Structure formats: structure tokens, C-alpha cells
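Step one of this worksheet: look at the structure below.
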Amino acid sequence: ILKSNRAVNYILFPLLAVVVWLKSLIHPEIYSFYPGETQSLLYQPVARLFKDAALLQSIASLVILLALALMVLQINNRYSFIRVRTMLPAPLFIIMISGLVDLHTLHPVYFAAFFVLVAIHRFFAAFDQVKPFSAVLDAGLFLGVAALFYFNIVVLFPAFIIGIPILARETRWREFVILITGFLLPLLFAVSYAFVTDQLLETLKIFEINTLTPNNHFKGNFTLQIYLGFLIILTLLGSIKIIQQYDTKKVSTRKFFTVFFLLFVTSLASFTFVPATSQEMLVITLIPVTFLVSNFFVFLKSRFWGELLFSLLLVIVITLQVLA
């Protein structure tokens, strides 16, 4: 049902989101931030607005998640990763994110994810262009804005740098300079604002805190570890499927999935090299995983295994809500 392209799915997947988010709406909790985690320049006003309002935080995060799901669907429709008309990426993204029970409340990474998706959307517009200056500049700008919500987004920047020669028809030094300039502009504006308002040292300290503070939500969290194990299995199955299809995919699809692979790898690298990165980065990691696993489910020939695996994913996510 969710794999179809019927308009009724625009009603079904928001209802599904409410179901898998229900316990957090009935018994909302505020995320356990480490000191300074909510002090990034663009998230500070949001943190003050929703301070101590647990229910509003849960509702706001759910609304943002629905917006992210629609953006995922829009990217898929615009660039046709899956050569079958389907709405599956939207509900699949909602279900997978909903398994991260601790994140059923407001976190800076949701706002960052919004701008990362916009950056991806614009970056893919550079495909097969001789002079993709506008697309590259926009991608850098939106990625820089995302970093002002959740600073560790900067780990994705190498994926965009490497992705330029993959997407563009011709690559010269200008594309790299434009991307770097676009990415740095929001950060430079932030530093300039901090300097003018005599908050420069404080702002630099926040960047340091949000990078180097040890932060680990995985240790001892066995339910999360089991859930991630199942997601790894789905990711491996999706990878096998895309490898089997690689020669039959259009050139554009191959290149888009290559960029997604780079985003996936760089987001995973942050868990090893950035002490402050923890479960919240999974919101970013699950963006490329959503397209990969959606492709797997859409083209899986065995209806039995497709229904079983998808149902098992849904059951695990609902069980996580009950156990939380």
C-alpha cells in the first residue's frame, strides 16, 4: 500500500507518523543535552522558545519530520532515483527515524537535516552541467546554514567536494572555489555577528564544545543497538540490490547514488572522528539509507519477503516505543 503512488498516501503516512510517535506525544520528554549543545547560533532562539515545553517540542519535531519526509519524496520525484513512481521513501524515512526513540523531541539536527536536504536537492541540479555555478553555490550555502544549527554537519562537506567531478560535465577550479565560498559564507557571517556583538570568544567556544565534548548514547543502550543491527541488515540488502542493478541504471542514477554513498560514509566517519557525534547524526545517515532501502523494497521480486521485512521493521519500531 505504502509503495503505491496513490494520493491517499499523503494522508496515510502522516497518520503512520502519529501512530509511531504516539507514546512520545502522550508522555513527552525533553532530550538530555550536554551543556552547550543547544547554544549554536541559529538554534538558540528555538531553544528559548520551546524551553521546558516538552509536548510542544514533541509536536514540533514530528511536524519537522513530516516536512523532511516530503522533501525526501520531492528529491526522489525530481531526480528519479527509483525508476518506478512510488511514495515509499516518505513513509520509510518516517518509520526509520521513529526508531530513534530518544529523538522524539526537538533537536538541532532536525533543522540541520532540512537544510542538508535542500543542499542535496540543489547539488544534484549540477548533474551534466558545463558551468553548474549556481547549483554548487546554493549547495554550499545551505550546508553552511545547516552547520549553524548542528555544527557537526561540516563532516559532510568532503562528500560535496568529491561529488563535484562526479556530477558536473566538466570540472575546473571555479566549481570548488564557489562551493567552498558558499559553505564558508554563513560561518563568516556568524563569526562577524559574534565579533560585532562582543560574543566572538563565546561563539568559538560553542563550536569547540559541539565538536569535542564526549557524547555517547549507544553504550549500554541495547534496544538501540538491536534496532541499528536490523537497519544494517536492510542497508546491506539494499547495497546488494543496487550492485546487481548497477549496469542497468541510467548514468544519472548511478552518479546520484554514488554521491549518496559519499554522504553515508562521511556521516558514519563522524562517529569515529568527532567525539560530540552520537545518535542524532543517524538522522542524517538515514537520508541516503532511505533511498537505498526504498530501491530494495520497490524492486524486490518476492512479495512475501518484502512484506515480511517491512512489517518486521514497523513492529520493531512500535516495540521500541512500548519499551521506552
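Along the sequence shown, residues are numbered consecutively beginning with 1. Worth knowing before you read on, the calculation uses all heavy atoms, side chains too, and leaves out hydrogens, waters and symmetry mates. Bear in mind the structure is a predicted one, so any value in this text is a computation, not a measurement.
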(Q) Treating Asn210 as the side-chain partner and Asn152 as the backbone partner, does any N or O pair qualify as donor plus acceptor under 3.5 Å? (A) no

Q.
Measuring from atom CG of Leu16 to atom CD1 of Ile11, what distance do you get when rounded to the nearest 0.5 angstrom?
A. 13.5 Å

Q.
Other residues, nucleotides and ligands only: do more than 12 of their heavy atoms fall within 6.0 Å of CZ on Phe114?
A. no

Q: Would you check, one step at a time, whether the test side-chain contact (heavy atoms from CB on, under 4.5 Å) holds for Leu262 with Leu156?
A: CA-CA 8 Å; Leu262 293 172; Leu156 301 181; over 6 Å; no

**Q.** Under 3.5 Å donor-acceptor, Tyr79 side chain and Thr253 backbone
**A.** no

Q) Between Tyr193 and Thr203, is a side-chain contact (heavy atoms from CB on, under 4.5 Å) present by the stated rule, with each step listed? A) CA-CA 10 Å; Tyr193 171 79; Thr203 299; over 6 Å; no

Q. Out of curiosity, does Ile233 fall in the hydrophobic cluster containing Ile316 (side-chain heavy atoms, cut-off under 4.5 Å, transitive links)?
A. yes

Q: Show your reasoning for whether side-chain contact (heavy atoms from CB on, under 4.5 Å) applies to Ile120 and Phe123.
A: CA-CA 5 Å; Ile120 292 171; Phe123 192 58; 5.5 Å; no

Q) If you count the non-hydrogen atoms of other residues, nucleotides and ligands that lie under 6.0 Å from CZ in Phe189, is the total more than 12? A) no

Q) For Pro186 and Leu148, which heavy atoms make the closest approach, and how far apart are they? A) O-CD1, 3.5 Å

Q. What residue among Thr266, Leu268, Val274 forms side chain to side chain contact (heavy atoms under 4.5 Å, CB included) with Ser270?
A. Val274

Q: Kindly work out whether a path of hydrophobic side-chain contacts (I/L/V/M/F/W/Y, heavy atoms less than 4.5 Å apart) joins Val154 to Ile209.
A: no

Q | Residues, nucleotides or ligands: over 12 heavy atoms within 6.0 Å of Arg172 CZ | A | yes

Q. Nearest heavy-atom pair of Ala276 and Tyr34: which atoms, and what distance?
A. CB-OH, 3.6 Å

Q. Taking Ser278 for the side chain and His217 for the main chain, is one N or O donor matched with an acceptor at less than 3.5 Å?
A. yes

**Q.** Rounded distance (nearest 0.5 Å) linking atom CG of Leu92 with atom CD1 of Ile97
**A.** 10.0 Å

Q: Please assess Phe271 against Phe218 for the test ring-ring contact (aromatic ring centres under 6.0 Å, His included), listing each intermediate value before the final yes or no.
A: CA-CA 11 Å; Phe271 292 108; Phe218 300 114; 5.8 Å; yes

Q: Output yes when a side-chain donor or acceptor of Arg254 lies under 3.5 Å from a complementary backbone atom of Asp247, and no otherwise.
A: yes

Q) Hey, any chance Phe230 and Ile226 share a hydrophobic cluster, counting ILVMFWY side chains that come within less than 4.5 Å of each other, even indirectly? A) no

(Q) Counting only heavy atoms not in Phe33 (residues, nucleotides, ligands), do more than 12 fall under 6.0 Å from its CZ? (A) yes

Q: Please round to the nearest 0.5 Å and tell me the distance separating atom CG of Leu312 and atom CG of Leu234.
A: 8.5 Å

Q | Check: Gln245/Asn295 side-chain N/O donor and acceptor closer than 3.5 Å | A | yes

Q.
Testing the basics here: between Pro165 and Thr171, what is the closest heavy-atom pair and its distance to 0.1 Å?
A. CA-OG1, 3.2 Å

Q. Can you list the steps and then say if Leu179 with Phe183 is a side-chain contact (heavy atoms from CB on, under 4.5 Å)?
A. CA-CA 6 Å; Leu179 178 67; Phe183 176 69; 5.6 Å; no

Q: Starting at CZ of Phe93, measure out to CG of Leu88 and round the result to the nearest 0.5 Å.
A: 13.5 Å

Q | Exam field: side chain Gln129 to backbone Ala168, donor-acceptor pair closer than 3.5 Å | A | no

Q: To the nearest 0.5 Å, tell me how far Leu15 CG sits from Tyr10 OH.
A: 15.0 Å

Q.
When you compare the side chain of Phe296 with that of Ile242, does any pair of heavy atoms fall below 4.5 Å?
A. no

Q: Count the heavy atoms of every other residue, nucleotide or ligand shown that sit under 6.0 Å from CZ of Phe195, and state whether that count exceeds 12.
A: no

Q: Decide if atom CZ of Phe261 counts as having more than 12 heavy atoms of other residues, nucleotides or ligands within a radius under 6.0 Å.
A: no

Q: Report whether Val283 and Ile232 are members of the same hydrophobic cluster (ILVMFWY, side-chain heavy atoms less than 4.5 Å apart, transitive linking).
A: no

Q) Does Val109 reach the side chain of Met281, with side-chain heavy atoms less than 4.5 Å apart? A) no

Q: Flag the pair Phe257 / Phe291 as yes when their ring centroid distance falls below 6.0 Å, and as no otherwise.
A: no

Q) Mind checking whether Ile318 and Val18 sit in one hydrophobic cluster, side chains of I, L, V, M, F, W, Y counted as touching below 4.5 Å? A) yes

Q. Within the side chain of His104, is there an N or O that forms a donor-acceptor pair under 3.5 Å with the backbone of Ser98?
A. yes

**Q.** Greater than 12 external heavy atoms within 6.0 Å of Lys249's NZ
**A.** yes

Q. Any donor-acceptor pair under 3.5 Å linking the side chain of Gln57 with the backbone of Phe50?
A. yes

**Q.** Minimal non-hydrogen separation, Pro158 against Val155, with atom names
**A.** CD-O, 3.1 Å

Q | Between Glu37 and His107, a side-chain donor and acceptor under 3.5 Å | A | yes

Q: Report yes or no: does Lys255 contribute a side-chain atom to a donor-acceptor pair with the main-chain N or O of Ile166 at less than 3.5 Å?
A: yes

Q) For the side chain of Thr105 and the backbone of Ile30, is there at least one donor-acceptor N/O pair under 3.5 Å apart? A) no

(Q) Check whether Gln321 reaches the backbone of Val317 with its side chain - one donor and one acceptor, N or O, closer than 3.5 Å. (A) yes

Q) If we only count heavy atoms from C-beta on, is the Asn221 to Asp102 side-chain gap below 4.5 Å? A) yes

**Q.** Pairwise side-chain contact, Tyr110 with Tyr43, heavy-atom cut-off 4.5 Å (strictly under)
**A.** no

Q | Contact summary for Leu231 and Met96, nearest pair of heavy atoms | A | CD2-SD, 3.9 Å

Q) With respect to Phe111, which candidate in Phe142, Tyr150, Phe149 satisfies the ring pair (Phe, Tyr, Trp, His ring centres under 6.0 Å) definition? A) Phe149

Q) Just how far is it from atom CG of Leu292 to atom OG of Ser239, taken to the nearest 0.5 Å? A) 4.5 Å

Q | Close side-chain approach of Met87 and Leu73, heavy atoms under 4.5 Å | A | yes

**Q.** Minimum heavy-atom distance Ala146-Val116, with the two atoms named
**A.** CB-CG2, 4.0 Å

Q. Is there side-chain contact between Leu117 and Leu68, with at least one heavy-atom pair below 4.5 Å?
A. yes

Q) Does a side-chain heavy-atom distance below 4.5 Å link Thr38 with Val46? A) no

Q) Are Ile287 and Leu263 close enough that some pair of their side-chain heavy atoms sits under 4.5 Å apart? A) no

